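Scroll down for the structure; my scribbles are underneath it.
The model shown is predicted, which means the values in this text are computed figures rather than measured ones.
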Amino acid sequence: MSKPKLAEADMLRDDWNRSHDLTMVAQLHACTAQDVIDALGLTEEEIPARYRHHTQPNGKHWGRAPWEEAHPEEAQRLYTLMDGGMSATEAATIMGLTKGRTYAIYKRMKAKGTAMENKVESHKKKPSAKYEQGLMGLEDFITCFKTTGLLDADTLTLLDSFRKEARGFVLGMKYSEACHE
């Protein structure tokens, strides 16, 4: 691929004005999309969003953040569950994700060599954090033992009722913390 010649500039501009398709114009003129941008002097506003270069200069994508960065508390919980020996299927059930996505997220966090502790530092400082962690443990317990048959219907009803009361307590603590910040 070569940069467009000056004689092609008019044709390049005509093609751009007709289509506003950066990829197509670059292919028509056997050059790169960046060559088209440079030759026409296009600004970011002139390029439709779907044809903009979707990577940052450092090579990372501009798109959505990885799940573990967008949901640090849940990521910490997922990492703890799977690092503790729970299967991806069980963790997926608890977290409400698919098995494949759960494993991919865990694998990414494992590859980074971190359990995202630094991301949830502010969450750990709040008093409600320990109660919320206890609630998550209760929810995990109920989810894991519900299918084994070790708990009868009355016990499950009692545990579910207790879980709901504990959830209300945790939400009340969080509301109180938010009001006093």
Side-chain angles (χ1 to χ4, degrees), residues 22-23 33-34 44 47-181:
L22 193 57
T23 307
Q34 190 60 48
E44 196 71 22
I47 304 169
R50 66 179 182 268
Y51 298 114
R52 291 186 191 143
H53 197 275
H54 292 289
T55 56
Q56 300 173 12
N58 63 3
K60 292 186 176 181
H61 288 281
W62 285 112
R64 295 186 317 186
W67 184 87
E68 61 271 17
E69 290 178 16
H71 306 90
E73 291 87 7
E74 291 89 355
Q76 177 65 36
R77 182 177 180 202
L78 172 67
Y79 189 88
T80 304
L81 289 172
M82 290 192 66
D83 209 39
M86 186 175 283
S87 72
T89 306
E90 292 170 329
T93 304
I94 291 169
M95 299 301 296
L97 302 168
T98 64
K99 176 184 166 188
R101 186 166 185 210
T102 301
Y103 184 72
I105 292 166
Y106 174 72
K107 195 170 152 184
R108 262 195 319 264
M109 289 191 299
K110 194 83 165 170
K112 288 180 185 175
T114 177
M116 309 288 285
E117 281 99 4
N118 55 342
K119 301 269 184 189
V120 293
E121 203 62 39
S122 63
H123 181 69
K124 288 183 178 180
K125 293 178 183 174
K126 296 179 181 177
S128 66
K130 68 178 182 179
Y131 296 109
E132 187 170 24
Q133 192 172 14
L135 177 63
M136 285 190 277
L138 176 63
E139 289 172 344
D140 294 345
F141 175 82
I142 293 170
T143 304
C144 289
F145 284 95
K146 187 183 289 186
T147 58
T148 62
L150 293 173
L151 303 173
D152 62 351
D154 292 335
T155 306
L156 283 172
T157 304
L158 180 66
L159 285 171
D160 193 50
S161 173
F162 182 72
R163 182 191 60 79
K164 288 176 183 174
E165 287 181 33
R167 168 65 65 197
F169 177 76
V170 169
L171 290 174
M173 294 259 324
K174 285 185 168 189
Y175 179 77
S176 174
E177 289 169 354
C179 289
H180 292 95
E181 284 184 346

Within the supplied structure, the quantity of interest is the number of heavy atoms (other residues, nucleotides, ligands) at a distance under 6.0 Å from E74 CD; does it exceed 12? yes

Decide yes or no on side-chain contact (heavy atoms from CB on, under 4.5 Å) for C144 and T93, but give the supporting numbers first. CA-CA 9 Å; C144 289; T93 304; over 6 Å; no

Between atom CG of L81 and atom CD of E90, what is the distance when rounded to the nearest 0.5 Å? 9.5 Å

Tightest non-hydrogen contact, residues F162 and L138, listed as CD2-CD2, 3.5 Å

Ignoring hydrogens, what is the shortest heavy-atom contact between M109 and A75? Give both atom names and the distance. CE-O, 3.4 Å

Taking the six-membered ring for Trp, are F169 and Y131 parallel (under 30°), tilted (30 to 60°) or perpendicular (over 60°)? perpendicular

Kindly say whether T157 contributes a backbone atom to a donor-acceptor pair with the side chain of S161 at under 3.5 angstrom? no

Using side-chain contact (heavy atoms from CB on, under 4.5 Å), reason through F141 and L151 one step at a time and then give a plain yes or no. CA-CA 11 Å; F141 175 82; L151 303 173; 4.3 Å; yes

Let me know which of M82, E139, H71 forms a side chain to side chain contact (heavy atoms under 4.5 Å, CB included) with R77. E139

Could you state the interatomic distance from CZ (R108) to OH (Y79), rounded to the nearest 0.5 Å? 14.0 Å

Please test R163 against L159 for side-chain contact (heavy atoms from CB on, under 4.5 Å), starting from the C-alpha separation and ending with a verdict. CA-CA 6 Å; R163 182 191 60 79; L159 285 171; over 6 Å; no

Do T143 and D140 have side-chain atoms, one donor and one acceptor, less than 3.5 Å apart? no

How long is the gap from CD on Q133 to OG1 on T80, to the nearest 0.5 Å? 7.5 Å

Gap separating the NZ atom of K146 from the CG atom of D160, nearest 0.5 angstrom: 6.5 Å

For the student: nearest non-hydrogen atoms of T89 and K99, plus distance: OG1-CD, 3.4 Å

Nearest heavy-atom neighbours spanning E132 and K174: OE2-NZ, 2.9 Å

